[in-house]
Amino acid sequence: MNTVSAERLATIFVEAADTLVDEFDLLEFLHMLTDRARSLVEAAAAGLMLADERGQLEFMAGSDENVRLVELFQLQNDQGPCLEAFRTGQPIINIDLGAATDRWSRFAPRAVEAGFRSVHAFPLRLRTQVIGALNIFGSSAGGDFHPADVPIMQALADVATIGLMQERAIRRSEALTEQLQGALNSRIIIEQAKGALAQVHGITVDEAFRRIRAYARNNNRRLTEVSELIVTDLTRLPGLMQP
Amino acid sequence: MTSAANEDEHRTLVRRLIERQPADLGLLKRICVASAEALSASGAGISVMTADGTRGVCATSDPVSERVEELQYVLGEGPCIDAFAARRPVLAADLSDAATFQWPVYAPAAQDDGVCAVFAFPLQVGAARLGVMDIFRDHVGRLTGTELQTAFTFAVVTVEALLDMQQNGVARDGDDTAVLDVGRRAELFQAQGMVMMQLGVSIGEALVRMRAYAYAENRRLEDVARDVVERRLRWDGNK
């Protein structure tokens, strides 16, 4: 992967800061971050997992959300770079998936099957706590992180953590739990909306998600809000009702 | 795997605590009494909401909790109302902390009844909102990590109980576990959205129908969901 240019990086941080200011939607924000993390290092895919109150890692956002990729995230509750980054609090970088079967007997072969060659994970840290991980997949040979890029990706992961704490008073430690639980439920609403839209138009759930995101973006509306309307009152989104 | 096993264990424990309560109390009241006991709370309450946000049934562990639970609806403010609206828990470990929580009338009134902390957990599956569970404590202080986990498990078990109640009182033996995890159950929620559109019913009703079907056919809910998403099974008669 290429070394990150300062201009691109600056743009992303300004965009992140801008998102955090008004009409903040956590899932929208996390999706934006995974998109940018992916394109920043020209990776094949990026995704973000957060731990719930049981320490279970839940998939929250991906640069794309096709079934195979989501499955790779779900597998990581048992083994994989996200779980290791989450447990150790340290970045896991430049792992050659073809040579990682001993380390992750189920995850590594599945990731190779899905077309990935390398994988990386960065912990989401909040003070002494680790609350999740940012996962990057590379597909081309030599898809390695330059040492200089590592702190940059870690900074992006840290921005995700700041986003989590944004909506409510940071001094309350319960705020994180409230926020996480709310986000987990929003994630369910998005899945419900994907299914509903897929049914209405006879399309795949992946295509449904692309339409939902595009609609939210083009109409300047929040991902969660659009998803909720799809499930509760689709007639209020005429743009999504047409095929 | 360990966390999943841990989750099952937790669920079994919570079910056992509920089953230990006198059978003549009614399921929701038994849940209230059991959750209060398990969480060192002075009481608990469950408010069931209809789809349009109006309130239906309410169960509480004791008369004081009933009064404090009712109070929120009389005054139109409180943790339970906020949790329902925001679709996430509201953890008020100290009701006297007026700066953090905006309940100028409810907070002092609840304190007059001896309630110093309220923890409100929405009973929901994504956009399907069924109600809220409130845990009341007569002392200030946070729930510990373990207590939070227990409280969330109580909430999940209550959601399932409410879904079963809508399913014409079909009794289940509780082996249908962990249906509410997002990551591992994306298909379930997608199927729910599809069935909703096939039947023209609410998102909550869609889950009730899928559960009823899984039960009648003696199949796992997640297998039924996969068939729906892969379009091998549909509800609108065009099989």
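None of these values were measured; they are calculated from a predicted model.
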Segment of [X] engaging chain B (4.5 angstrom heavy-atom cut-off):
X	result
A:Leu197	neither
A:Ala193	neither
A:Val231	both

*asked:* Using a 4.5 angstrom heavy-atom cutoff, name the option from B:Leu148, B:Thr146, B:Ile203 with the most pairs to chain A.
replied: B:Ile203

*Examine whether an atom of B:Ala191 lies under 4.5 Å from a heavy atom of chain A, and if so say whether it belongs to the side chain, the backbone or both; otherwise answer neither.*
neither

*Given that the side chain runs from C-beta out, which part of B:Gln192 has a heavy atom under 4.5 Å from chain A: side chain, backbone, both or neither?*
side chain

_A:Arg187 and salt bridge (charged side-chain N to carboxylate O under 4.0 Å, His left out): which single residue from A:Glu58, A:Glu28, A:Glu65 fits?_
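Between A:Arg187 and the candidates, salt bridge (charged side-chain N to carboxylate O under 4.0 Å, His left out) is satisfied uniquely by A:Glu65.
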
*asked:* Within the 4.5 Å heavy-atom criterion, are B:Val224 and B:Glu217 side-chain neighbours or not?
replied: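 Heavy-atom side-chain distance check fails, nothing below 4.5 Å.
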
*Approximate separation, where rounding is to 0.5 Å, of A:Thr177 OG1 and B:Arg142 CZ*: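 Result: 9.5 Å between the selected atoms.
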
*Tell me, which pairs form a ring pair (Phe, Tyr, Trp, His ring centres under 6.0 Å) where one or both residues lie in residues 224-243 of chain A, sequence neighbours left out?*
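Counting only pairs at least two positions apart or across chains, no ring pair (Phe, Tyr, Trp, His ring centres under 6.0 Å) contact touches residues 224-243 of chain A.
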
*With under 30° as parallel and over 60° as perpendicular, where do the rings of A:Phe137 and A:Phe73 fit, or are they tilted in between?*
perpendicular

*Option in A:Ile190, A:Ile203, A:Thr232, A:Thr204 with maximal non-hydrogen atom pairs under 4.5 Å from chain B*: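 Heavy-atom pair counts peak at A:Ile203.
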
*Please report the closest heavy-atom contact between A:Leu223 and A:His31, naming both atoms and the distance.*
CD2-ND1, 3.4 Å

